[in-house]
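Both ligands and their constituent atoms are indexed starting at 1 by order of listing.
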Amino acid sequence: MAYKTKLLSVSDKDIGYAAKLLAEGEVVGIPTETVYGLAADAENAGAVKKIFEAKGRPQDNPLIVHLADVSQLEEYVCNIPEIAYKLAERFWPGPLTMVLPKRDRIPDVTSAGLDTVGIRIPYHEAARRLIKASGKALAAPSANLSGSPSPTSALHVMNDMNGRIPAVVDGGCCPVGVESTVISFENGKIRLLRPGFISAEELSEFGEVICDRHITEAAAEGEQVRSPGMKYKHYSPKANVTIIDGGREAYLDYVNSRGGEGVYAMPFDSDREYCKIPCIAYGDTSEEQAARLFAALREFDDIGAKQVYARCPSQNGVGLAVYNRLLRAAGFEIIKL
Ligand code: TXA
Ligand code: MG
């Protein structure tokens, strides 16, 4: 292990220390409203390479660049469509990432060789203070080891990154719990590349929204996708996850007859009292499920689960983001009752 990873607080002194590490080209785990990020100076190719190494991330998967203020947008991207300004006004700071043509100051390693870059302005207070204190645009993917569920607490980051990075800023649990909504633009239309807390329904007030097919369908081997992240198996705990799509009664009948060693249910909170096999519930509303999904998946690993039967979430609003993450955690294994 190269580093003795420090757990920092959000005090001015600790934020100042984290900002100094970032300015020196180091990688720091940072809280955001969505999930924890693994941040480095987006314009320092050497620093960004360290992110890919710490995560074990494929080199062809681009990073999101985080800014402190919308006034900086034109310094990093160009040919910004009118609709992007309207979305920025409505949703920034917040959990929305817009893919736009990049300027040359963003190195190829950050954009994984693409001529576009995803930009986001987080609203998390500590993240904003840190970006400002560092004086840098921060490239930050989710702070998990590649393939693992995204971290929603500093402890999750520590579990994955201890020894791999110099510091993690502990800003508590992430309120949103799933990664930002990622969109790009096509002839005045919005293409949804990754669903998140800002829903397709909300975006559609600003223009036509095209939901990319790969949000709910697996990409075939070697198939072209519009966002490299769509290719990879993601968010997977070590257990085999199966989604069970049916109403409460059908779901409970299914899981209650399948108990056994290492077999767990992941029901809604309101199913729990009827569940006869061990379970970790993940909420009733889509917002609760978003906030708790990744922590639940990590908990199944901690208790050594071998098989998890998850009740299928709604696909409306934020539910589409929960469904999209769970589908990938399940390797698209879904049983319709
Ligand atoms: O909420 C979030 O977005 C978190 C926090 C830390 O901000 N970050 C995050 O980053 O989830 P990451 O790297 O785990 O996911 C970024 C996704 C990937 O699926 C990537 O393929 C896609 O965004 N992406 C990034 N840049 C892109 C681009 N230029 N074109 C298409 N897709 C892009
Ligand atoms: Mg990620």
For [X], atoms of ligand 1 separated by under 4.0 Å from a heavy atom:
{"X": "Leu114", "result": "28 (C), 29 (N), 30 (N)"}
{"X": "Ala140", "result": "6 (C), 8 (N), 10 (O)"}
{"X": "Val99", "result": "28 (C), 29 (N), 30 (N)"}
{"X": "Ser142", "result": "8 (N), 9 (C), 10 (O), 12 (P), 14 (O)"}
{"X": "Asn61", "result": "18 (C), 20 (C), 21 (O)"}

For ligand 1, is [X] a contact, meaning one of its heavy atoms is under 4.0 Å away?
{"X": "Pro95", "answer": "no"}
{"X": "Ser111", "answer": "no"}
{"X": "Arg226", "answer": "yes"}

Quiz item: Looking at the Mg ion (ligand 2), is one of the N, O or S atoms of Ser142 less than 2.8 Å from it?
Solution: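 Yes, since at least one N, O or S atom of Ser142 sits under 2.8 Å from the Mg ion (ligand 2).
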Practice problem: Applying side chain to side chain donor-acceptor pair (under 3.5 Å) between Thr32 and each of Glu179, Arg120, His66, report the one that passes. | Solution: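 Among the candidates, only Arg120 passes.
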Quiz prompt | Whether over 12 other heavy atoms sit under 6.0 Å from Asp104 CG | solution =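 No, the 6.0 Å shell around CG holds no more than 12 heavy atoms from other groups.
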Quiz item: Sub-3.5 Å donor-acceptor pair from the side chain of Glu223 to the main-chain atoms of Ala219, do we have one?
Solution: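 Judged by distance alone, no pair lies under 3.5 Å.
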Between [X] and ligand 1, is there a nitrogen or oxygen pair with a distance under 3.5 Å?
{"X": "Glu179", "answer": "no"}
{"X": "His66", "answer": "yes"}
{"X": "Ser227", "answer": "yes"}
{"X": "Thr116", "answer": "yes"}
{"X": "Lys55", "answer": "no"}
{"X": "Gly37", "answer": "no"}

Quiz item: Do the side-chain N and O atoms of Tyr3 and Glu26 include a donor-acceptor pair separated by under 3.5 angstrom?
Solution: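 Their side chains do contain a donor-acceptor pair, which is all the 3.5 Å distance test asks for.
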Quiz item: Minimum heavy-atom separation for Val10 to Val169, with atom names?
Solution: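 Shortest heavy-atom contact: CG1-CG1, 3.9 Å.
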Quiz prompt | Stacked cation flag Arg105 on Tyr76, 6.0 angstrom / 45 deg | solution =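 Yes.
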Exercise. Kindly indicate whether a cation-pi arrangement holds for Arg298 with Phe300, taking the cut-offs as under 6.0 Å to the six-membered ring centre and within 45° of the axis.
Key: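 That pair does not qualify as a cation-pi contact.
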Quiz item: Side chains of Ile183 and Leu87: closer than 4.5 Å at any heavy-atom pair?
Solution: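 SC-SC contact between Ile183 and Leu87 confirmed.
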Practice problem: Using a 4.0 Å heavy-atom cut-off, say whether Arg57 meets ligand 1 through its side chain, its backbone, both or neither. | Solution: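 It is the side chain that touches ligand 1; the backbone stays farther off.
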